[in-house]
Amino acid sequence: MNMLINGEWVESADKETIDVTNPYTGELLDTVPAAGKADVDFAIQSAVEGQKIWYRHNIRERAGILRRFLELVKENRDLLARTLTLETGKPVFDSYGEIDSVYMTFESAIEIVKHQYGKTMPMGIEGGYDDDLQVTVHEPLGVIACIVPFNFPAALWAFKAGPALMAGNAVVVKPATSNPLCVLKLMGLLAEAGVTPQAVQCLTGRGSLVGNWIVENPMIAQVNLTGGVKAGIEIARKAAENLTDYKFELGGNDPLIICADCDMDLAVNEAGDKTRNAGQCCSGAKRFIVHKSVKEEFVRRLIEERLKTIKTGDLLDMETDYGTLISPEAAAEVENQVQHTILQGARLVYGGKREGAFFEPTVLDHVTVDMDIARDMEVFGPLFPIIEFDTLDEAIEIAEASHYGLSAGVITNNLQDAMKVAGALKSGMVAVNGSGGFRAQELPFGGGKKMSGNSRECMSSVLEEVTQEKSIIFRYAMKKYNEYK
Ligand code: NAP
């Protein structure tokens, strides 16, 4: 597939390409252009012009066009889900869920923009301004660079592109290099639906090059990244040169505290969700902090009821519920992290084997708070490190030993214990009787604490991130009003 620049599907100027392979079979699926700096600069210049045209469409018109896009998503649902599965290695039932979430996210974005109200300031507060009408309006930022990770590419693309476009911005999207095809197709559907073609640019190529060129371009109003901490730090440094705004949803090492009084069915069920997307989730339990009195039961039931029951095989079969990691290299990295943790003293009690990009769900017991995995080493795979605790204070201390603060969960029947955990943890979210993987459209999600970012990507606050408030003053406009009121 080619990339989408200035409304055209194009190769890169120097014709260089990157292979996209199926992680499950190793087959070559397609190639995409490796964009050069000239391609990037041209796309951004074009997006600046496109944004002005797109913003001139009023909210009603933008809503109509994005509704047409949603019809196209419906018509192409099978193709999009299949593409996502083939390039990502996730089971197709999950891909269907992800494409359906695109639909829901755009629908919500269409609605919220209709309710973004400006303000009128109260008069008579400061001497000299009594007759001045002071109001605010919301304006788009301009061109927003949306940098998308590999794990939920369609869903996370939608959280960025939907609200940004609906609010009148143009987007320059850079999908992950390993799996850009579904995002490219979605971008094509936006143009087909009637979005100003120059307002929807999609550049392919490596983050270390293409991503950098996008970020350093002064015409970019905001960089919106979902990805790892390393990428976040690199982008923040580059963005600082032009004081470009940035919003980040970064990594995590979410604790799930399982208390002695927990509902064990619930604990096993919530923990078992970790096998989703082969454990490649930003939020959701990554450290299992379990009371010593229930640890044995928890580990036994987790293995018997959830890990031994996964269904592997043909990823296009709706019954398959467990796929591969994004690449053999990613799986090898998880394998290294397992070995590293064993060398630090953990004990392998289940799984641990890798074949290509496939990695078995793996349980490591006897993990202690001094080990890297219990602190800042994010494992993006199906790993269950078990850390035992005695008192709730100890569990909180273990949970807080990480520099991440994305999300967290606690399973307990004691409401006051739950509230103590909710108050004590420095994380963007705490789920009570759930894992930190909880994500709902409207609820502020993600970063906000420590190294996990500064965005709260959700429908109830996204407009604050993709628009800016402009103040307009009508001097002396209220003179007569004030005389006659
Ligand atoms: P990643 O390696 O950081 O890449 C994310 C995106 O950033 C990709 O498109 C990548 O391009 C690009 N990129 C990398 N370095 C860049 C740079 N210096 N400048 C500009 N762009 C750059 O992350 P990933 O492996 O795709 O995803 C996994 C990470 O994302 C995990 O840490 C996970 O926790 C986090 N994540 C967070 C959330 C959240 O909502 N908080 C959600 C999902 C994932 P290439 O693909 O070409 O490298």
Side-chain angles (χ1 to χ4, degrees), residues 3 18-20 32-35 40 87-88 98 101 145-160 172-181 183-184 202-217 220 223-239 244 246-254 276-286 325-327 329-330 333-334 337 376-381 402-407 427-429 436-439 443-458 462:
M3 55 187 174
I18 298 173
D19 291 347
V20 181
V32 291
V40 171
E87 65 177 341
T88 312
E98 191 168 336
S101 84
C146 305
I147 305 185
V148 179
F150 77 81
N151 61 337
F152 293 101
L156 298 172
W157 165 84
F159 263 109
K160 299 183 189 314
V172 172
V173 171
K174 199 210 84 64
T177 300
S178 41
N179 55 349
L181 302 177
V183 169
L184 276 165
C202 193
L203 290 158
T204 50
R206 306 215 175 274
S208 49
L209 291 172
V210 175
N212 260 319
W213 292 324
I214 295 173
V215 174
E216 70 189 19
N217 190 309
I220 293 292
V223 182
N224 189 316
L225 163 81
T226 298
V229 166
K230 183 170 168 283
I233 291 172
E234 285 170 10
I235 290 172
R237 286 205 176 110
K238 276 257 171 269
T244 304
Y246 57 77
K247 287 290 167 200
F248 292 159
E249 288 284 358
L250 303 179
N253 200 7
D254 293 356
R276 181 168 181 229
N277 214 30
Q280 302 165 110
C281 300
C282 54
S283 65
K286 290 193 178 127
L325 273 69
I326 187 67
S327 64
E329 294 74 27
E333 170 66 12
V334 173
Q337 290 172 314
D376 303 335
M377 185 174 81
E378 181 186 24
V379 180
F380 226 50
S402 172
H403 72 188
Y404 290 109
L406 188 58
S407 195
S427 65
M429 198 176 84
F438 184 93
R439 182 156 195 180
L443 186 71
F445 172 83
K449 296 281 159 81
K450 302 200 236 175
M451 298 293 272
S452 289
N454 63 352
S455 175
R456 310 257 48 214
E457 207 164 59
C458 71
V462 70

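Indexing begins at 1, ligand by ligand and atom by atom, following the structure's order. For clarity, every value in this text was computed on a predicted model and none was experimentally measured.
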Please round to the nearest 0.5 Å and tell me the distance separating atom OG1 of Thr244 and atom CD1 of Ile235. 11.0 Å

Below 4.5 Å, heavy atoms only, C-beta onward: do Asn179 and Ile326 meet side chain to side chain? yes

Which part of Leu406 is near ligand 1, with near meaning a heavy atom under 4.0 Å away: side chain, backbone, both or neither? side chain

Donor on one side chain, acceptor on other, Thr226 and Lys160, under 3.5 Å: yes

Cys281 versus Phe152: any side-chain heavy-atom pair under 4.5 Å? yes

Would you say Gln280 and Phe380 make side-chain contact, with heavy atoms under 4.5 Å? yes

Considering only non-hydrogen protein atoms, determine which one is nearest to atom 18 (N) of ligand 1 and report residue, atom name and distance to 0.1 Å. Glu234 OE1, 2.5 Å

closest protein heavy atom to atom 11 (O) of ligand 1 is Lys174 NZ, 3.1 Å

re atom 12 (C) of ligand 1, the protein heavy-atom contact at minimum distance is Ile147 CG2, 3.6 Å

Within the 4.0 Å heavy-atom shell around Pro149, which atoms of ligand 1 are there? 5 (C), 26 (O), 27 (O)

How far does CE of Met3 sit from CG of Leu203, to the nearest 0.5 angstrom? 6.0 Å

d(Lys238 NZ, Glu216 CD) to nearest 0.5 Å is 5.0 Å

Does atom 2 (O) of ligand 1 have a protein heavy-atom neighbour under 4.0 Å away? no

Protein heavy atom under 4.0 Å of atom 26 (O) of ligand 1: yes

Could you tell me if any non-hydrogen atom of Ala330 lies under 4.0 Å from any atom of ligand 1? no

What residue and atom, counting heavy atoms only, is the protein's closest point to atom 47 (O) of ligand 1, and at what distance? Thr177 OG1, 2.4 Å

If you round to the nearest 0.5 Å, how far is CE of Met451 from CD1 of Ile233? 4.0 Å

Can you name the atoms of ligand 1, numbered from 1 with element, that are less than 4.0 Å from a heavy atom of Gly228? 1 (P), 3 (O), 23 (O), 29 (C), 30 (O), 32 (O)

Nearest 0.5 Å, please: how far is CD1 in Ile220 from CD1 in Ile214? 6.5 Å

Counting from 1 in the order shown, the ligand 1 atoms closer than 4.0 Å to a non-hydrogen atom of Arg206 are 47 (O)

Which residue from Phe445, Phe150, Phe380, Tyr404 reaches closest to atom 33 (C) of ligand 1 through any of its heavy atoms? Phe380

Could you give the distance from CZ (Phe248) to CD1 (Ile147), rounded to the nearest 0.5 Å? 8.0 Å

Select the closest option to atom 5 (C) of ligand 1 among Leu209, Thr226, Val223, judged by heavy-atom distance. Thr226

Residue Pro175 vicinity, atoms of ligand 1 by number, heavy atom under 4.0 Å: 9 (O)

Ala231 heavy atoms, cut-off 4.0 Å: which ligand 1 atoms fall inside? 3 (O), 14 (C), 15 (N), 16 (C)

Would you say that Leu325 contacts Glu333 through its side chain, given a criterion of any heavy-atom pair below 4.5 Å between the two side chains? no

Between Thr177 and Val32, is there a side-chain heavy-atom distance shorter than 4.5 Å? no

Closest protein heavy atom (residue, atom, distance) for atom 32 (O) of ligand 1: Glu378 OE1, 2.7 Å

Side chain, backbone, both or neither: which part of Leu250 comes within less than 4.0 Å of ligand 1 when only heavy atoms are counted? backbone

If we only count heavy atoms from C-beta on, is the Glu249 to Leu225 side-chain gap below 4.5 Å? no

Atoms of ligand 1 less than 4.0 Å from Gly205 heavy atoms? 47 (O)

Asn151: numbered ligand 1 atoms lying under 4.0 Å from its heavy atoms: 43 (C), 44 (C)

With a distance cut-off below 6.0 Å to the six-membered ring centre and an angular limit of 45° from the axis, does Arg439 pair with Phe159 as a cation-pi contact? yes

What do we get for Ile235 next to ligand 1 when only non-hydrogen atoms under 4.0 Å count, side chain, backbone, both or neither? side chain

Protein contact to atom 4 (O) of ligand 1 [nearest heavy atom, distance to 0.1 Å]: Gly227 CA, 4.5 Å

Heavy atoms only: which of Ala145, Pro180, Cys281, Gly207 lies closest to atom 22 (C) of ligand 1? Gly207

Would you indicate whether the side-chain heavy atoms of Asp254 and Ser407 approach each other to under 4.5 Å? yes

Determine, considering heavy atoms only, which of Cys282, Ser208, Ser407 sits nearest to atom 36 (N) of ligand 1. Cys282

Does Ser283 come within less than 4.0 Å of ligand 1, judged by its heavy atoms? no

Output the list of atoms in ligand 1 that are nearer than 4.0 Å to some heavy atom of Val148, sorted by atom number. 6 (C), 8 (C), 9 (O)

